[in-house]
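I have placed the structure first, in the form of structure tokens, so that the comments after it can refer back to it.
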Amino acid sequence: MEISEITVEELAKKLKSQDQFILLDVREPSELEQAKITDARLEVVPMSQLGREGTGALSESARSKGAEIYVMCHHGNRSMQVTAWLASQGWTNIHNVSGGIDEFAQKMDPTIGIY
């Protein structure tokens, strides 16, 4: 299965837009204290919670299988797994953020934190 990915540069453009989408951060709470993007479209659902609760852990808007969702983690590995899993469950507009928040912080906005 082909997994759709976007670069951190593309994500930065999306964040500057008024577009409706969900930025799904699947990192754990302790990681969020170290680096976090502040945006109204950010939703945090740790991968561990998804593992326990399945798609029921997602917000109502994120449960829409046509919702535009960008999945992010620290380096892009966990988010890739979550993106593939949701795609296998029928989500059609889901994209992995390649390089994760680490690459985003290094290339686009170091003020959000690097760990």
Side-chain angles (χ1 to χ4, degrees):
M1 173 173 45
E2 182 75 22
I3 300 300
S4 172
E5 287 198 284
I6 67 162
T7 64
V8 293
E9 291 85 356
E10 290 169 312
L11 177 63
K13 282 186 192 140
K14 294 292 291 179
L15 288 168
K16 287 183 178 123
S17 77
Q18 297 301 312
D19 296 357
Q20 285 302 308
F21 63 88
I22 295 165
L23 178 59
L24 182 65
D25 194 325
V26 298
R27 295 175 304 135
E28 299 303 312
S30 62
E31 294 177 272
L32 293 167
E33 293 166 17
Q34 299 174 70
K36 184 177 179 182
I37 291 175
T38 304
D39 189 278
R41 295 161 291 197
L42 176 72
E43 294 185 13
V44 177
V45 183
M47 188 174 176
S48 60
Q49 185 181 353
L50 284 167
R52 288 191 308 273
E53 301 172 25
T55 56
L58 297 170
S59 70
E60 196 173 325
S61 54
R63 280 190 222 138
S64 165
K65 293 192 175 182
E68 185 177 355
I69 303 175
Y70 299 92
V71 187
M72 173 182 266
C73 67
H74 189 198
H75 290 113
N77 299 323
R78 286 173 287 173
S79 56
M80 176 68 87
Q81 292 174 340
V82 171
T83 302
W85 175 68
L86 287 171
S88 75
Q89 303 282 317
W91 270 254
T92 56
N93 196 5
I94 188 145
H95 316 275
N96 182 49
V97 178
S98 179
I101 199 162
D102 187 65
E103 190 171 318
F104 188 89
Q106 290 185 39
K107 289 186 173 177
M108 308 309 298
D109 184 2
T111 65
I112 63 171
I114 295 173
Y115 65 101

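Only a predicted model underlies this, so the values are computations on that prediction, with no experimental measurement involved.
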- prompt: Roughly how far apart are Leu24 CG and His95 NE2, rounded to 0.5 Å?
  reply: 12.5 Å
task: Answer yes if the side chains of Ser98 and Glu103 hold a donor-acceptor pair under 3.5 Å, and no otherwise.
output: no
task: Search all heavy atoms of Gly100 against all heavy atoms of Val8 and return the closest pair with its distance.
output: O-CG1, 3.8 Å
- prompt: Does the Trp91 side chain pair with the main chain of Glu68, one donor and one acceptor, at a distance under 3.5 Å?
  reply: no
message: What I'd like to find out is whether the side chain of Val71 reaches to under 4.5 Å of the side chain of Val97, using heavy atoms alone.
response: no
message: Applying ring-ring contact (aromatic ring centres under 6.0 Å, His included), can you list everything that pairs with Phe104, at least two apart in sequence or on another chain?
response: none
Trp85 reachable from Val26 in the ILVMFWY side-chain graph, under 4.5 Å edges: yes
query: Looking at side-chain heavy atoms only, is the closest gap between Met72 and Ile37 below 4.5 Å?
result: yes
- prompt: Can you find a side-chain donor-acceptor pair between Glu10 and Thr7 that sits under 3.5 Å?
  reply: yes
- request: Begin with the C-alpha distance, continue with both residues' side-chain angles, and end with the deciding distance and a verdict on side-chain contact (heavy atoms from CB on, under 4.5 Å) for Asp25 and Glu31.
  value: CA-CA 10 Å; Asp25 194 325; Glu31 294 177 272; over 6 Å; no
- request: Could you tell me the separation between the CG atom of Asp19 and the CZ atom of Arg41, rounded to the nearest 0.5 Å?
  value: 7.0 Å
message: Do Leu86 and Leu58 have side chains that approach each other closer than 4.5 Å (heavy atoms only, starting at C-beta)?
response: yes
- prompt: Say you draw a straight line from CD1 of Ile22 to OG of Ser61; how long is it, rounded to the nearest 0.5 Å?
  reply: 3.5 Å
- request: Return yes if some donor-acceptor pair links the side-chain N/O of Thr83 with the main-chain N/O of Ser4 below 3.5 Å, else return no.
  value: no
- line: Contacts of Gln106 meeting side-chain hydrogen bond (donor to acceptor under 3.5 Å, both in side chains) (sequence neighbours excluded), chain-then-number -> Asp102
message: When you compare the side chain of Glu28 with that of Ser48, does any pair of heavy atoms fall below 4.5 Å?
response: yes
- line: Joining Ile, Leu, Val, Met, Phe, Trp and Tyr whenever any side-chain heavy atoms lie under 4.5 Å apart, the cluster holding Ile114 also takes in none
field: Note, Phe21 side chain near Ile69 side chain (heavy atom, < 4.5 Å)
entry: no
field: Nearest-0.5 Å distance, CG of residue Asp109 to CG of residue Leu11
entry: 11.0 Å
message: So Leu23 and Glu43, do their side chains get closer than 4.5 Å, heavy atoms only?
response: no
field: Test side-chain contact (heavy atoms from CB on, under 4.5 Å) applied to Lys107 and Glu9, step by step
entry: CA-CA 8 Å; Lys107 289 186 173 177; Glu9 291 85 356; 3.4 Å; yes
- prompt: What are the two closest heavy atoms between Pro46 and Pro29, and how far apart are they?
  reply: CG-CD, 4.0 Å
Separation of Tyr70 OH from Ile94 CD1 (nearest 0.5 Å): 10.5 Å
Cluster overlap Met47 with Val44, hydrophobic side-chain contacts below 4.5 Å: no
task: Group every Ile, Leu, Val, Met, Phe, Trp and Tyr by side-chain heavy-atom contacts under 4.5 Å, then state whether Val82 and Met80 land in the same group.
output: no
- prompt: Closest approach of Ala35 and Gly113, non-hydrogen atoms and distance?
  reply: CB-O, 3.2 Å
query: Between Arg78 (side chain) and Arg27 (backbone), is there a donor-acceptor pair under 3.5 Å?
result: no
query: Is atom NZ of Lys14 surrounded by more than 12 heavy atoms (other residues, nucleotides or ligands) closer than 6.0 Å?
result: yes
- prompt: What do the steps show when you test Gln89 against Thr55 for side chain to side chain donor-acceptor pair (under 3.5 Å), and what is the final call?
  reply: CA-CA 9 Å; Gln89 303 282 317; Thr55 56; 5.6 Å; no
- prompt: Ser59 versus Arg63: any side-chain heavy-atom pair under 4.5 Å?
  reply: no
task: Decide side-chain contact (heavy atoms from CB on, under 4.5 Å) for Ile112 and Ile101; before the verdict, give the C-alpha distance in whole Å, the side-chain angles of both, and the deciding distance to 0.1 Å.
output: CA-CA 9 Å; Ile112 63 171; Ile101 199 162; 3.7 Å; yes
